Each structure stands twice: as structure tokens, then as C-alpha cells.
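Below is one structure; the comments refer to it alone.
The model shown is predicted, which means the values in this text are computed figures rather than measured ones.
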Amino acid sequence: MVCGAKATEPAYFDGLKEAYRNAAITVSIKKKAAAPEAVVKHAVAMRDRGVYDEVWCVVDVDEFDLEKTATLARRSRINLAISNPCFEYWLLLHFQDCSAPLTCYSEVKKRLGKHVPGYDKTALRFADYADGVADAVERGRSCGAVHGEEHRHNPSSGVWALVEKIR
């Protein structure tokens, strides 16, 4: 998996991987703090140099137009776990349903802060989310977006599909 951020997503998935140790699968987490299209290109190059059953990219919509990125991922057989507007929406789903459109990170952070006081994206602790993983998967699955098309539906997150694979 390639995460399009330096800290938040890798910390979450490191914690998830530790919590759901599964001898049948190996999860490799790489960081590529870049625009989503560059993250997908990096994942393609990584896959072409190694042996992987599946390759996933974890990206946010933020201010990006992901049409080109989604097309590149489909053509390259790279799975996308997209959060719209940001990964923090996925984290919010660990605590509550939220279907109101969210325009930016600061809106999501404000809601998330009610559940994780002092939330800091550079210091994520998986323990804050561990008890809500199953709820987040169900909420993410039912948030209204077709998997892989989350960039077209706000708010939404396709991270649930990757989490299901790891669990």
C-alpha cells in the first residue's frame, strides 16, 4: 500500500496491521507524500519492481480533481482507497455517521475533535480508533458512494474496503 501522506495514514495502518495480525497476509506500507496521481505512479513502479498480490493507494480528494488519477489507477490495476474530502473523514466514521457535505479538512477536524480532543494529524494513535473499526467499515460501506468512485461523492471514504482486506 502507498499512502499519500507522511504521518496520518501510515500511523493508522501500522496500528491496524498490528491489531489485526494475520499470518496469511503481509502488508507493506509505503509513504509518498505527493499529489494523488504521483502516488499512483509510484505504486505502479513499486509493483513492477516487486511481487504483490494487490497494490492499494490511500489518497484524499482535498483540492485535487481525481478523475485522471482514478482512470490511471483502473488502467494500471491499482486499487484506490479514497477519502472525500480527507482521511480524517474515515477517522470520524469510527465514532459517528456523517452524511453532511464537508468542504475541507478543518470542517472534518472540528467534528473529529469532539471524539478525539486535541486531534493532531502528525501524532495519530491507533488506540483512539481501535474500538470503532468495525463501525467505521459499516458506515464507510453505506455512505452512498460506489467503491472506487468516492471522489465523486462528498463525504465518503473507500478506506473500508482496504481495512476489510487487512482484517
Side-chain angles (χ1 to χ4, degrees), residues 1-17 19 29-40 42-43 56-73 78-167:
M1 138 188 13
V2 181
C3 296
K6 293 179 186 177
T8 313
E9 291 89 331
Y12 178 87
F13 284 106
D14 280 337
L16 183 75
K17 185 171 90 168
I29 302 166
K30 305 293 182 191
K31 303 172 199 171
K32 178 68 174 174
E37 188 174 350
V39 173
V40 171
H42 180 76
W56 286 76
C57 290
V58 180
V59 299
D60 296 348
V61 170
D62 288 327
E63 73 280 1
F64 300 104
D65 177 357
L66 292 190
E67 287 299 326
K68 190 174 177 183
T69 301
T71 299
L72 173 63
I78 299 291
N79 298 292
L80 290 178
I82 301 168
S83 293
N84 187 355
C86 57
F87 187 75
E88 282 72 15
Y89 176 70
W90 166 250
L91 299 177
L92 180 62
L93 292 177
H94 288 68
F95 305 102
Q96 70 175 69
D97 279 317
C98 178
S99 59
L102 300 164
T103 60
C104 62
Y105 163 78
S106 61
E107 282 186 42
V108 182
K109 181 184 177 190
K110 183 177 177 182
R111 290 175 185 248
L112 183 59
K114 293 175 183 173
H115 304 284
V116 184
Y119 172 77
D120 178 357
K121 70 185 316 160
T122 64
L124 182 135
R125 293 175 341 111
F126 180 77
D128 292 335
Y129 307 93
D131 290 342
V133 172
D135 291 332
V137 166
E138 289 309 310
R139 290 174 180 138
R141 181 181 283 134
S142 65
C143 70
V146 175
H147 181 62
E149 299 296 320
E150 292 83 6
H151 62 287
R152 294 184 180 146
H153 190 270
N154 177 320
S156 64
S157 182
V159 174
W160 66 268
L162 175 55
V163 169
E164 281 289 85
K165 294 273 185 177
I166 294 170
R167 290 189 335 161

As an exercise, state the distance from [atom1] of [X] to [atom2] of [Y], rounded to the nearest 0.5 Å.
X	Y	atom1	atom2	result
I82	T69	CD1	OG1	8.0 Å
E107	C86	CD	SG	9.5 Å
C57	E37	SG	CD	11.5 Å
S142	D97	OG	CG	6.5 Å
I29	L16	CD1	CG	8.0 Å
W90	L162	CH2	CG	9.0 Å

Could you tell me whether the side chain of [Y] reaches within less than 4.5 Å of the side chain of [X], counting heavy atoms only?
X	Y	value
L93	V159	no
L112	F95	yes
M1	E9	no
Y119	D128	no

Next item on the list: Inspect the surroundings of NZ in K165 and state if more than 12 heavy atoms from other residues, nucleotides or ligands are less than 6.0 Å away.
Entry: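 Incorrect, the count does not exceed 12.
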
Margin query: Tell me whether K109 at atom NZ has more than 12 heavy atoms from other residues, nucleotides or ligands lying less than 6.0 Å away.
Written below: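 No, because the 6.0 Å sphere around NZ of K109 holds 12 heavy atoms or fewer from other groups.
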
Check: Could you go step by step and tell me if T8 and E88 meet the side-chain contact (heavy atoms from CB on, under 4.5 Å) rule?
Finding: CA-CA 9 Å; T8 313; E88 282 72 15; 3.7 Å; yes

Please report the shortest heavy-atom distance between [X] and [Y], naming the atom on each side.
X	Y	result
R111	L102	NE-CD2, 3.4 Å
K31	K6	CD-O, 3.3 Å
P10	A5	CG-O, 3.6 Å

Next item on the list: Run the salt-bridge test on E164 and R167 with the 4.0 Å N-O cut-off and return the result as yes or no.
Entry: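 R167 and E164: salt-bridged.
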
Next item on the list: Step by step, work out the side-chain contact (heavy atoms from CB on, under 4.5 Å) result for V40 and L80.
Entry: CA-CA 9 Å; V40 171; L80 290 178; 3.8 Å; yes

Note to self: Would V2 and I78 count as a side-chain contact (heavy atoms from CB on, under 4.5 Å) here? Give the steps.
What the structure shows: CA-CA 10 Å; V2 181; I78 299 291; over 6 Å; no

Margin query: I'd like to know whether H94 forms a side-chain contact (heavy atoms from CB on, under 4.5 Å) with H115, so could you lay out the CA-CA distance, the side-chain angles of the two residues, the decisive distance to 0.1 Å, and finally the verdict.
Written below: CA-CA 9 Å; H94 288 68; H115 304 284; over 6 Å; no

Next item on the list: For ring pair (Phe, Tyr, Trp, His ring centres under 6.0 Å), just list the numbers for F126 and F13, CA-CA rounded to whole Å, side-chain angles, deciding distance to a tenth of an Å, and then say yes or no.
Entry: CA-CA 8 Å; F126 180 77; F13 284 106; 9.1 Å; no

Next item on the list: Please check if the side chain of Y89 supplies one atom and the backbone of C98 the other of a donor-acceptor pair under 3.5 Å.
Entry: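 Side chain of Y89 to backbone of C98, a donor-acceptor pair under 3.5 Å: yes, one is there.
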
Notebook entry, point to check: Any donor and acceptor pair, going by atom type alone, linking the side chain of D60 with main-chain N or O of F87 inside 3.5 Å?
Noted result: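 Yes, the answer is positive, given that a donor and an acceptor are paired below the 3.5 Å cut-off.
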
